[in-house]
There are 2 protein chains.
Amino acid sequence: MSPPPAVPDGRRPTLADVAARAGVSTALVSIVMRGVTGASAATRERVLQAAKEIGYRPDSRARLLRSNRTYLIGVQFEIQEPFHTDLVERLYAAAESAGYQLALSAVAAGRSERQAVESLLGDRCEALVLLGPRAPAGRLAELAALLPVVSVARRLRPAVPGVRVVRTADDEGARQAVDHLVSLGHRDILHIDGGRAPGAAERRRGYRTAMNDHGLADRVRVLPGGLTEQDGATAARAILDAAPWPSAVLAFNDACATGLLGAFFRAGVSVPGEFSVVGFDDSRVARLPHVDLTTVAQDIPRIAELAVAAVTVRLEGGEPRTGEDVVAPRLVVRGTTAPR
Amino acid sequence: MSPPPAVPDGRRPTLADVAARAGVSTALVSIVMRGVTGASAATRERVLQAAKEIGYRPDSRARLLRSNRTYLIGVQFEIQEPFHTDLVERLYAAAESAGYQLALSAVAAGRSERQAVESLLGDRCEALVLLGPRAPAGRLAELAALLPVVSVARRLRPAVPGVRVVRTADDEGARQAVDHLVSLGHRDILHIDGGRAPGAAERRRGYRTAMNDHGLADRVRVLPGGLTEQDGATAARAILDAAPWPSAVLAFNDACATGLLGAFFRAGVSVPGEFSVVGFDDSRVARLPHVDLTTVAQDIPRIAELAVAAVTVRLEGGEPRTGEDVVAPRLVVRGTTAPR
DNA sequence: GCCGGCATCTAGAACGTTCTAGATGGCTGC
DNA sequence: GCAGCCATCTAGAACGTTCTAGATGCCGGC
């Protein structure tokens with residue numbers, strides 16, 4: 001059934017065990033295991049056979065301790081945030097093709113950003129990819145003094161030295177949404193914002209600017225919101241309670257839009273009949289057939305690639321580039337928007 | 001702004017650097033850093049000060065390499081599965097209060113279970129918590145021969161030696177759902193199953209048994225489904241196409257139920273007017289105000305605790321217990337079920 | 001004045017790997 | 001037959017920590 005005990009006592013097999021069995025030095029086993037040149041085909045074969053027989057598995061901790069490089073990229077993400085989990089999925093691919101590995105550290109209820117980052121630093125990550133970090137700029141600067149850091153989805157103004165930013169052009173996304181709604185004949189377009197969430201300020205500004213550009217400055221209306229369904233539902237009640245109603249709503253993100261849709265639905269007002277609704281992110285929920293949300297898509301594969309590139313370039317000896325990679329958003333028109 | 005370079009050259013500060021600065025041995029610094037007894041209060045103070053000044057941070061790899069214990073629990077999970085991410089959140093808490101740390105390894109598009117587990121083993125995890133593993137029993141047995149393994153949400157029949165199972169009583173959950181629907185007057189209750197997904201066989205069986213117990217054996221109808229919204233939507237079309245219609249549907253999970261609801265909604269059939277729908281998991285989506293899905297809740301905090309307990313007991317010298325912890329489910333009645 | 005015991009501290013090995021430097025041996029070219 | 005070279009292999013140090021064993025100094029009790 002299960003293989004026989006690998007080594008006499010309970011220890012996990014090491015290089016030395018393989019070396020003893022194959023009758024070679026540990027250094028040679030190391031060479032074979034890493035697949036570098038320096039061993040004859042015959043020896044290579046013999047060593048691999050011995051390793052297989054005793055169930056040898058390299059100890060990555062010892063390996064990384066010895067080599068000066070770890071090729072580890074630490075990722076801080078919020079485990080309950082669909083946008084983050086989508087991103088993590090793509091980061092795996094991007095890191096692998098750049099020859100790096102990912103170390104995940106989640107921010108969750110009872111696990112702060114600080115804890116998440118400390119754990120990554122203790123693991124000797126060579127760089128940090130922070131998804132929507134909330135930490136103050138001073139803290140990010142401290143980290144950037146230690147290792148390459150990229151902030152994904154959170155813009156930093158003023159720029160923090162050494163921290164690269166990769167983000168969607170949130171203002172442009174908001175503008176696209178407003179343009180779309182205006183082209184459908186809407187004029188009273190309300191924005192439910194994201195408060196202090198990363199990207200919220202830019203989306204708010206993009207909305208305002210677009211409204212101005214369409215000569216609708218006097219119709220600008222921003223309602224405090226947030227990034228959860230609950231925030232959307234709360235905003236919905238505020239909208240319905242306060243006449244006059246807008247004819248369209250741009251929500252901070254898809255979750256917020258979904259909460260809004262739910263509350264509208266329960267209140268018996270029809271979407272897109274009485275209200276047009278636009279979300280942001282193009283998350284999985286937006287694509288559900290019965291949500292079918294018009295939304296501003298973020299280019300997640302591209303963001304993942306740029307984030308990995310930002311840190312690897314620097315790790316490979318490139319200059320620390322403080323600055324931004326701004327990725328274009330793309331409006332996806334679905335069933336929650338209609339002509340007024 | 002940012003702190004001065006910690007150590008003359010670019011190296012990251014080590015115990016030796018702290019020791020040199022504080023004028024003590026590295027062994028003593030180690031003692032102070034771990035917070036164990038063996039240093040006077042005055043020295044302790046001085047060492048901590050020195051460490052802080054040069055920005056010392058313990059290297060967890062070196063630490064774990066040297067100590068025979070790593071206190072690391074490896075977690076394999078599917079990053080796109082809400083049930084899994086909920087569980088991970090609780091696992092952090094459970095592990096911490098047991099004195100262990102978590103190492104996360106995601107299964108994602110392009111990253112197989114095998115890769116996820118290999119990475120955890122390389123990190124020297126002392127135990128593995130596998131969320132809904134798909135690996136064949138033989139593979140699990142191999143792993144169990146190496147270290148404590150717990151399979152969450154996937155039942156193993158026949159039992160795999162050394163692998164502990166923690167799962168919801170899926171059959172009981174399905175029975176609760178059927179009981180509820182029958183008590184509302186439904187008789188034609190259809191089940192959309194989960195195919196080969198972990199737990200699917202048990203839910204199917206629970207559904208069948210409950211139908212039998214209510215004398216509805218001739219009304220049993222199982223439709224092949226799956227665990228995504230897409231599967232639910234596909235099933236919905238199959239249901240609507242084939243008369244006679246059932247009056248109630250028990251879906252494999254909430255995602256499947258959500259897809260079903262969406263398709264019903266688009267087809268203009270009303271829920272719970274024409275169909276009652278029950279999901280499984282009580283995931284976040286089920287609680288959305290406009291989904292408001294009646295569903296069978298899994299007790300996630302309890303499952304997380306039991307999973308951690310299962311491995312820690314064994315790590316602390318307990319006997320390897322092949323067997324199961326079965327957690328009771330709980331029906332949550334919301335808005336998608338109504339009297340027939 | 002001596003001894004035992006405690007608190008505090010330290011030297012040096014150990015963990016499992018990679019890296020540096022060098023040894024060995026066979027082949028080529030003259 | 002010999003120098004030179006390449007391919008192959010090895011010894012031993014190194015990575016940053018913890019652990020074992022023991023050293024040192026101080027105190028109280030006889």
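Quick note on labels: first sequence line is chain A, next is B, and so on, each numbered from 1.
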### side chain to side chain contact (heavy atoms under 4.5 Å, CB included) partners of A/Ala16, counting only residues at least two apart
A/Thr14, A/Thr26
### Message
Using only atom types and a distance under 3.5 Å, with no angle test, would you say the side chain of A/Arg314 pairs donor to acceptor with the backbone of A/Ala127?
### Response
no
### Task
Decide whether A/Glu53 and A/Gln49 meet the rule of one side-chain donor and one side-chain acceptor closer than 3.5 Å.
yes
### Task
Mind jotting down which residue pairs meet the ring-ring contact (aromatic ring centres under 6.0 Å, His included) criterion with at least one end in residues 125-153 of chain A? Sequence neighbours excluded, please.
none
### Message
Around atom CD of A/Glu96, are there more than 12 heavy atoms from other residues, nucleotides or ligands closer than 6.0 Å?
### Response
no
### Message
According to side-chain hydrogen bond (donor to acceptor under 3.5 Å, both in side chains), who are the partners of A/Thr70, at least two apart in sequence or on a separate chain?
### Response
none
### Query
Which residues satisfy the side chain to side chain contact (heavy atoms under 4.5 Å, CB included) test with B/Leu147, sequence neighbours excluded?
B/Leu121, B/Leu128, B/Val149
### Query
Could you write nucleotides 22-28 of chain D as a row of B, S and -, 5' to 3', where a protein heavy atom under 4.0 Å of any base atom gives B, of only sugar-phosphate atoms gives S, and otherwise -?
-------
### Summary
For B/Thr322, the side chain to side chain contact (heavy atoms under 4.5 Å, CB included) test, sequence neighbours excluded, returns B/Ala159
### Message
What residues from residues 40-47 of chain B pass a heavy-atom cutoff of under 4.0 Å to DNA chain C?
### Response
B/Ser40, B/Thr43
### Task
Only pairs at least two apart or in different chains count here, so list each ring-ring contact (aromatic ring centres under 6.0 Å, His included) that has a residue in residues 78-101 of chain B.
B/Tyr71-B/Tyr100
### Query
In chain order, what residues pass the side chain to side chain contact (heavy atoms under 4.5 Å, CB included) check against B/Ala93, with sequence neighbours excluded?
none
### Task
Do nucleotides 12-20 of chain C as a string where each nucleotide becomes B, S or -: B if the base has a protein heavy atom under 4.0 Å, S if just the sugar-phosphate does, - if no protein is that close.
-BBBBBBB-
### Message
Looking at A/Glu118, I want to see if its CD is surrounded by more than 12 non-hydrogen atoms of other residues, nucleotides or ligands under 6.0 Å.
### Response
yes
### Bend angle of the helix from C/dG1-D/dC30 to C/dC30-D/dG1, end axes from five pairs each (to 10°)
50°
### Task
Any pair with a residue in residues 63-92 of chain A that passes salt bridge (charged side-chain N to carboxylate O under 4.0 Å, His left out), sequence neighbours left out, goes on the list, sorted by first then second residue, please.
A/Arg69-A/Glu126, A/Asp86-A/Arg284
